[in-house]
*Asks:* 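Structure incoming, see below.
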Amino acid sequence: GLWVALLAGLGVAAAAAAAVLLLGSEESTDGDAATAGSALPPGPPAAQVVGRPIPVGDAPGAVAVGGGGIWVANTGSESVTYINARRPRIRDRIPVGEDPTAITIGPASVWVANFGDRTVSKIDISFRRVTETIPVGAAPIDLAAPSGFVWVSTEDDRVLKIDAHTNAVVPGDVIRV
């Protein structure tokens, strides 16, 4: 479940840090003949900020694009920030459940997995407000919203199906994984 994913992530981070330390200790040769046959490609260019950053909530994480905008789940402020795709100065902050960790777009709604309070929030795209909060029993980790249904994976190794019209978990469609 979640602990395995967290431990795997820590392992990857530790391996990356070790690689940086090992590679960083070599002298730079700036593409001379000594590195021409090296198995390691040159690193990426330094990250650059292009344009002006757009402020969102605390600890932004998951991002979805659709419904005329960019939707950012802010884990630290228990909110979703809507940013108008054509005019980024137009923004709305929408309160959702505790620890929003995943977000997806359906035909008329944005769906948010709230890990901390074990719910899924449904946001109306037109009015940019939560219209329904659906308890899912276990902490939701990820979700997808194709054609009238929302599929939600949970920390207890289940996949649930929510009917997007009734906003209810479909009891016969709970899958153990």
*Asks:* Among residues at least two apart in sequence or on other chains, which ones pass salt bridge (Lys or Arg N to Asp or Glu O under 4.0 Å) with Asp156?
*Replies:* Arg158
*Asks:* Under 3.5 Å, which donor-acceptor pairs do the side chains of residues 58-74 form with other protein atoms, sequence neighbours left out?
*Replies:*
unit_1	atom_1	unit_2	atom_2	d
Trp71	NE1	Gly66	O	2.9
Asn74	OD1	Gly57	N	3.3
Asn74	ND2	Ser79	OG	3.2
Asn74	ND2	Thr81	OG1	2.8

*Asks:* Would you please name every residue forming a salt bridge (Lys or Arg N to Asp or Glu O under 4.0 Å) with Asp92, sequence neighbours left out?
*Replies:* Arg128
*Asks:* Between Ile94 and Val130, does the side chain to side chain contact (heavy atoms under 4.5 Å, CB included) criterion hold? Intermediate values first, please.
*Replies:* CA-CA 7 Å; Ile94 305 154; Val130 173; 4.0 Å; yes
*Asks:* Sequence neighbours left out, cut at 3.5 Å: what donor-acceptor pairs do the side chains of residues 96-115 make with other protein atoms?
*Replies:*
unit_1	atom_1	unit_2	atom_2	d
Asn114	OD1	Gly97	N	3.4
Asn114	ND2	Thr119	OG1	3.1
Asn114	ND2	Ser121	OG	2.8

*Asks:* For Lys161, which residues count as a salt bridge (Lys or Arg N to Asp or Glu O under 4.0 Å) partner, sequence neighbours excluded?
*Replies:* Asp173
*Asks:* Please give me the minimum heavy-atom distance between Asn167 and Ile162, naming the atom from each residue.
*Replies:* C-CG2, 4.1 Å
*Asks:* Tell me the ring pair (Phe, Tyr, Trp, His ring centres under 6.0 Å) pairs involving residues 133-152, sequence neighbours left out?
*Replies:* none
*Asks:* Kindly indicate, with the supporting measurements, whether the criterion side chain to side chain contact (heavy atoms under 4.5 Å, CB included) is fulfilled by Val80 and Ile123.
*Replies:* CA-CA 9 Å; Val80 167; Ile123 299 172; 4.1 Å; yes
*Asks:* Identify whether Val56 and Tyr82 are in the same connected component of the hydrophobic contact network (ILVMFWY, side-chain heavy atoms under 4.5 Å).
*Replies:* no
*Asks:* What I'd like to find out is whether the side chain of Ser77 reaches to under 4.5 Å of the side chain of Arg93, using heavy atoms alone.
*Replies:* yes
*Asks:* So, for Glu155 and Ala138, which heavy atoms are closest and what is the spacing to 0.1 Å?
*Replies:* CG-CB, 4.2 Å
*Asks:* Would you say Asn84 and Arg91 make side-chain contact, with heavy atoms under 4.5 Å?
*Replies:* no
